[in-house]
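By convention in this document, chain letters (A, B, ...) are assigned in the order of the sequence lines, proteins followed by strands, and residues within each chain are numbered from 1. The figures that follow rest on heavy atoms only: side chains count, while hydrogens, waters and symmetry mates do not.
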Amino acid sequence: METIIEKSLEEVFEEKIANEIRIEPKDWMPEQYRKTLVRQISQHAHSEIVGMLPEGNWITRAPSLKRKAILLSKVQDEAGHGLYLYSAAETLGTSRDQMIADLHSGKAKYSSIFNYPTLSWADIGAIGWLVDGAAIMNQVPLIRTSYGPYARAMVRVCKEESFHQRQGFEIMMTLCNGAPAQKKMAQEAFNRWWWPTLMMFGPKDSESPNTEQSMRWKIKRFTNDELRQRFVDMMVPQAEFLGLTVPDKDLKWNEAKNGYDYGEVDWEEFWNVVKGNGPCNKDRIANRVKAHEEGAWVREAALAHAQKRAQREADQKVA
Amino acid sequence: METIIEKSLEEVFEEKIANEIRIEPKDWMPEQYRKTLVRQISQHAHSEIVGMLPEGNWITRAPSLKRKAILLSKVQDEAGHGLYLYSAAETLGTSRDQMIADLHSGKAKYSSIFNYPTLSWADIGAIGWLVDGAAIMNQVPLIRTSYGPYARAMVRVCKEESFHQRQGFEIMMTLCNGAPAQKKMAQEAFNRWWWPTLMMFGPKDSESPNTEQSMRWKIKRFTNDELRQRFVDMMVPQAEFLGLTVPDKDLKWNEAKNGYDYGEVDWEEFWNVVKGNGPCNKDRIANRVKAHEEGAWVREAALAHAQKRAQREADQKVA
Amino acid sequence: MLLDYTLQLADTSLILGHRLSEWCGHGPILEQDLAMANIALDLLGETRSLYQYAAELEGQGRTEDDLAYLRDAVEYKNPLLVEQPNGDFADTILRQFLFDGFHFQLLQQLQQSPEQRLAAIATKSFKEASYHLKWSSEWVIRLGDGTEESKRRIKKAINNLWMYSGELFMMTETEKQLAQAGYIPEYAPLLQNWEAHVKKVFAEATLEVPQNVFMHKGGKTGRHTEQLGYILAELQYLQRAHPGLEW
Amino acid sequence: MLLDYTLQLADTSLILGHRLSEWCGHGPILEQDLAMANIALDLLGETRSLYQYAAELEGQGRTEDDLAYLRDAVEYKNPLLVEQPNGDFADTILRQFLFDGFHFQLLQQLQQSPEQRLAAIATKSFKEASYHLKWSSEWVIRLGDGTEESKRRIKKAINNLWMYSGELFMMTETEKQLAQAGYIPEYAPLLQNWEAHVKKVFAEATLEVPQNVFMHKGGKTGRHTEQLGYILAELQYLQRAHPGLEW
């Protein structure tokens with residue numbers, strides 16, 4: 001009989017990673033893996049709920065009942081995504097309360113894209129088309145991420161984001177085929193959202209210390225620059241189709257690499273926004289903190305009522 | 001030498017009333033006279049500041065810069081009138097704080113007309129034309145009221161209200177000479193404000209117990225019905241001039257009395273509003289209470305700062 | 001007449017849905033953010049069906065959007081309750097509860113209307129309204145039978161909003177005639193059922209049912225509160241600013 | 001270029017006046033209700049003069065009202081500070097104080113502009129701006145050197161609004177070229193004087209002047225906050241709903 005070789009927990013973990021076997025909540029995992037996932041999943045969840053704010057901003061002013069319904073449905077989906085993702089993160093031993101406390105204190109981040117304001121109806125189209133488009137590009141590989149609950153949550157999230165992206169493109173198409181004022185609105189929104197969207201893929205690979213470890217653990221499947229390149233290559237033809245001008249004077253097709261060369265991202269702006277100096281950073285967090293604090297009495301009441309009800313039920317059983 | 005006849009304070013007071021000599025703050029007056037004046041002047045002051053709310057409601061939505069400026073100026077005048085009137089009432093030994101507490105508790109009243117909402121821009125015209133018109137008719141006789149400070153305050157108030165009334169009529173005229181939508185807006189506003197304005201003159205003489213005493217003391221110069229009649233006689237021709245239909249199917253010229261007969265005021269509605277069941281009663285008081293409570297810290301700070309400053313000045317003198 | 005009534009129903013669900021949608025991203029609990037968005041969406045679906053039907057009844061080429069975005073406040077027929085501000089969560093819950101109780105009763109009976117289009121819309125929306133009433137009823141109970149703070153707030157909300165509940169069951173001339181003709185239910189039995197439900201929920205919430213409150217009205221005949229003007233300024237802005245365009 | 005700048009000034013005083021007018025009937029003290037209405041009125045007077053001049057410069061038959069009521073948010077050129085919400089009285093005072101300090105400096109120098117119309121508007125408004133600065137400065141002092149509560153609130157207001165003060169003194173391309181041509185003052189000396197005044201007032205108010213705060217910008221070039229859209233929806237509603245009419 002073959003001697004059973006006692007493998008280390010580390011080796012078992014690495015073997016599963018290598019063999020594309022999902023890591024599940026009950027499995028052992030390196031502490032750093034756990035931390036990376038909590039950070040990443042909670043940031044994703046935070047992004048969904050903070051992301052409700054710039055889009056929710058236009059629900060009451062949506063220009064038709066159909067568009068109002070679609071936007072309301074989308075914002076509702078974002079709340080749902082937040083719920084899935086907080087639940088997925090909780091399987092790693094943290095709590096929603098802790099994650100939300102981290103968001104409010106500034107310790108945890110959310111996607112910087114949501115620190116930009118939505119200044120016209122066309123922004124809703126641009127967000128759906130560009131921001132959800134970038135989100136999908138970031139997220140689709142996560143369907144194959146090594147952590148099971150995250151991967152399964154992403155299946156549903158990606159399906160809905162894909163729908164959202166199509167709806168955003170549809171808004172842009174309607175505007176670009178509309179009156180001059182609508183086309184102008186679309187171009188202006190495109191101008192404001194293009195570069196911040198490219199920033200969504202994160203810093204250059206040369207300045208992304210976490211990437212290597214995350215890719216080794218198959219939390220990430222592609223580098224930031226790889227995804228950014230693919231995004232540009234996909235969006236530029238769509239912009240051309242819409243008749244929109246990409247706000248990048250350095251954009252140019254590179255036959256050799258079969259892709260576009262594009263201008264330098266304004267990394268100073270990127271880091272400013274990451275550090276809290278974006279146009280809406282203070283506003284978004286203030287809104288979340290306000291909702292949380294003003295809702296404290298509601299949560300307390302729900303808890304108190306549940307306890308009263310449980311007590312009454314217990315008393316009935318005894319009686 | 002003629003014996004000096006010691007006249008009672010009461011007789012001196014009555015003699016001044018009879019001879020149209022103003023009663024001044026330092027003069028003796030019957031307690032009921034004082035109470036009547038405090039009630040009347042404070043109600044007038046309250047009406048000015050609560051009256052800022054229905055009109056202030058349209059400042060941000062005024063349809064032209066000129067109209068916005070005129071309305072802003074008017075609302076500012078109302079604040080000013082409030083200040084004069086509270087000051088006049090304070091000469092009778094009450095305080096602004098006490099009067100405001102009475103307003104907020106419901107003990108003191110304000111003009112019931114301000115418990116109606118301003119639902120379109122035309123309402124601003126109707127209020128200026130009708131409500132200020134009625135206010136002037138109520139107030140002009142007060143220029144000759146027996147109490148000095150009140151009379152003098154009314155000189156300035158009436159001058160400004162007269163200006164306001166003309167501006168209101170101007171709005172109505174512009175609308176009535178405008179597009180069909182504007183004319184419709186004007187007629188609708190007229191329909192909503194006509195009867196409540198007639199109620200501003202108070203209950204019928206047969207149901208106005210305070211009137212007799214107030215007229216004897218020359219606080220009031222005309223009865224409620226007298227003023228209401230004069231108001232109808234003055235406004236109906238103006239409505240005709242504007243091309244507006246008076247919403248009273250019983251309105252009819254009475255050659256014998258050289259005035260209009262008009263329909264029965266809905267006294268049930270009148271008393272409902274007086275009792276607090278008008279469309280905006282709760283809203284108006286809630287607004288005033290909210291402003292007062294949310295401003296408490298401001299008043300406390302102003303007081304604390306004044307005390308600190310006085311202390312520093314006293315210390316400097318000693319040093 | 002049928003057009004008038006259909007517009008009344010559509011205006012009502014549009015404005016209430018609008019108020020609920022103001023909460024998006026600002027709720028006290030993420031699940032309730034989602035629930036309110038869900039109810040707003042349900043109401044919007046009902047709204048669209050009703051405006052589309054109203055546009056057909058009118059037969060003048062106007063669209064669902066024309067009816068929502070191009071009518072002035074004085075033309076809106078929603079009852080006063082639904083245009084009241086959100087206030088805090090208790091105000092929102094109480095406004096929803098008072099309306100849901102009426103909505104549930106009305107839709108339940110409207111399913112039997114000989115006016116088949118209204119009956120179909122009622123059938124589609126009744127299931128949603130049932131869920132809405134369950135949700136708002138449970139929250140009234142949680143708040144009333146929660147903490148002292150939540151009880152204080154729900155009682156304040158009752159004090160703010162009860163006076164607008166009566167209008168739901170007051171019939172305009174239009175409603176009277178439609179009821180007489182058998183197109184819509186009489187409201188008296190609906191009120192009785194509504195009162196029974198409110199009494200039951202309030203008992204469980206340890207709350208008192210208000211007595212002898214003066215009931216305000218006017219919304220159904222175009223006399224609104226000052227609130228509606230601001231709602232419409234926001235809601236209608238884009239179609240007013242850029243008229244006649246496809247969005 | 002002069003048109004662009006005149007519109008910037010007009011947009012700025014219109015929006016700030018709008019914000020102040022939202023206080024009407026809701027102030028903490030009747031005298032301050034009156035003071036804020038007075039300042040709003042002064043700003044509106046300045047606004048009208050500027051839009052009337054801008055309409056002449058444009059020479060296309062548009063009126064002061066067309067420029068205020070028929071331009072979209074992206075065309076507005078006011079700095080971000082003036083569109084910030086009123087918040088509580090401390091936020092309103094601090095927003096006013098930061099702006100008044102700039103306004104006073106700018107108008108004082110603009111009186112000497114060779115552009116005679118701007119100079120005349122500046123001369124007429126400078127006296128008003130002096131009073132505004134005196135009023136807001138006194139209130140900063142009262143709140144800072146009042147109670148612990150008022151100090152906490154004014155410090156919170158500084159934290160909310162300081163980041164928008166820098167844009168007042170940042171020159172757009174338009175402003176740079178006008179300054180180079182001698183039509184408007186250079187802003188560097190204005191900033192120095194503003195800083196000196198702020199330092200003096202803050203010292204008396206026992207408040208610290210913030211250091212190294214990231215300064216937001218964008219309003220002067222059409223990139224506003226989400227606030228402006230709501231302001232314009234309310235402000236412009238009637239002219240958008242009933243276009244081309246005389247009011």
Side-chain angles (χ1 to χ4, degrees), chain B residues 45 48-69 71-73 75-80 82-83 86 96 100 120-121 171 174-175 177-179 181-182 185 284 287-288 290-306 308-309, chain D residues 14 17-38 40-41 44-45 47-48 51-52 63-65 67-69 88-90 93 139 141-154 205 231 234-239 241-242 244-247:
Chain B
E48 294 286 346
I49 63 166
V50 175
M52 291 168 73
L53 296 175
E55 298 191 276
N57 185 39
W58 279 93
I59 294 172
T60 58
R61 288 174 294 166
S64 75
L65 296 178
K66 175 186 169 188
R67 294 290 178 205
K68 191 192 287 279
L71 183 56
L72 193 48
S73 178
V75 171
Q76 190 192 346
D77 282 346
E78 283 164 0
L83 283 176
Y86 283 127
R96 195 201 300 188
I100 286 179
S120 76
W121 172 248
I171 292 176
T174 303
L175 296 178
N177 292 328
Q182 291 173 302
M185 200 187 277
R284 301 286 184 238
N287 265 301
R288 287 306 320 160
K290 185 170 181 264
H292 188 70
E293 290 180 347
E294 288 185 358
W297 69 270
V298 178
R299 297 187 296 275
E300 284 158 20
L303 186 59
H305 176 67
K308 285 181 182 179
R309 182 180 269 179
Chain D
L14 174 69
H18 179 106
R19 280 299 195 206
L20 282 173
S21 75
E22 289 172 346
W23 275 100
C24 280
H26 306 278
I29 311 173
L30 190 51
E31 284 84 348
Q32 303 318 313
D33 236 312
L34 205 151
M36 287 191 278
N38 193 51
L41 209 51
L44 187 50
T47 298
R48 295 187 66 193
Y51 277 137
Q52 286 165 11
T63 67
E64 62 174 347
D65 288 335
L67 294 175
Y69 289 91
D88 63 13
F89 192 67
I93 289 300
W139 269 108
I141 291 167
R142 281 192 200 102
L143 299 185
D145 190 34
T147 62
E148 276 187 55
E149 171 72 3
S150 65
K151 190 182 201 78
R152 180 186 69 77
R153 285 177 184 263
I154 195 72
I231 293 177
E234 194 167 307
L235 189 156
Q236 300 183 341
Y237 182 70
L238 267 177
Q239 286 232 12
H242 300 280
L245 300 186
E246 189 70 41
W247 297 92

**Complete:** So, the part of D:His18 with a heavy atom under 4.5 Å from chain B: the answer is both

**Prompt:** Could you state the interatomic distance from OG (B:Ser64) to CG (D:Asp65), rounded to the nearest 0.5 Å?
**Reply:** 5.0 Å

**Request:** Flag the pair D:His26 / B:Glu294 as yes when at least one side-chain heavy-atom distance between them is below 4.5 Å, and no otherwise.
**Result:** no

**Message:** How close do D:Leu245 and B:Ala179 get, counting heavy atoms only, and between which atoms?
**Reply:** CD2-CB, 3.6 Å

**Asked** Quick one: what part of D:Ala40 sits under 4.5 Å from any heavy atom of chain B, side chain, backbone, both or neither?
**Response** both

**Asked** Would you say B:Gln182's side chain and D:Glu246's backbone share a donor-acceptor pair under 3.5 angstrom?
**Response** yes

**Item:** Taking every non-hydrogen atom, the tightest pair across B:Arg61 and D:Leu238
**Value:** O-CD1, 3.7 Å

**Fill in**
Smallest heavy-atom separation, B:Leu72 atom then D:Ser21 atom, equals CD1-CB, 4.1 Å

**Message:** Ignoring hydrogens, what is the shortest heavy-atom contact between B:Lys68 and D:Tyr69? Give both atom names and the distance.
**Reply:** CE-OH, 3.8 Å

**Prompt:** chain B: which of D:Ile231, D:Leu44, D:Ile93, D:Asp145 shares the most heavy-atom pairs with it under 4.5 Å?
**Reply:** D:Asp145

**Item:** Any donor-acceptor N or O pair under 3.5 Å, side chains D:Thr147, B:Glu300
**Value:** no

**Message:** Quick one, B:Gln76 and D:Leu34 - any side-chain contact, counting heavy atoms below 4.5 Å?
**Reply:** yes

**Nearest-0.5 Å distance that lies between atom CZ in D:Arg152 and atom CH2 in B:Trp297** = 9.0 Å

**Request:** Return the option, out of D:Pro28, D:Ser150, D:Ala35, with the maximum number of heavy-atom pairs under 4.5 Å with chain B.
**Result:** D:Pro28

**Fill in**
Per-residue tally against chain D (heavy atom, under 4.5 Å) across B:Gly51, B:Ala69, B:Gly178, B:Gly56 peaks at B:Ala69

**Prompt:** Just wondering, do D:Leu14 and B:Leu65 contact through their side chains at under 4.5 Å, heavy atoms?
**Reply:** yes

**Request:** Could you tell me whether the side chain of D:Trp23 reaches within less than 4.5 Å of the side chain of B:Ile59, counting heavy atoms only?
**Result:** no

**Request:** Report the distance from atom CZ of D:Arg142 to atom CZ of B:Arg299, rounding to the nearest 0.5 Å.
**Result:** 14.0 Å

**Message:** Which one wins on heavy-atom pair count under 4.5 Å against chain D: B:Leu83, B:Val75, B:Leu53?
**Reply:** B:Leu83

**Item:** Structural part of B:Lys66 lying under 4.5 Å from a heavy atom of chain D
**Value:** both

**Item:** Distance-minimising heavy-atom pair for B:Ala304 and D:Gly146
**Value:** CB-O, 3.6 Å

**Asked** Side chain, backbone, both or neither: which part of B:Ile49 has a heavy atom under 4.5 Å from chain D?
**Response** side chain

**Prompt:** Taking side chain as C-beta onward, heavy atoms only, is B:Arg96 less than 4.5 Å from D:Leu30?
**Reply:** yes

**Message:** Quick check on the interface: out of D:Asp33, D:Asn38, D:Ile29, who has the most heavy-atom pairs with chain B under 4.5 Å?
**Reply:** D:Asn38

**Asked** Is the NZ atom of B:Lys290 crowded by more than 12 outside heavy atoms at less than 6.0 Å?
**Response** no

**Request:** Give the minimum heavy-atom separation between D:Trp247 and B:Arg67, together with the two atoms involved.
**Result:** O-NE, 2.7 Å

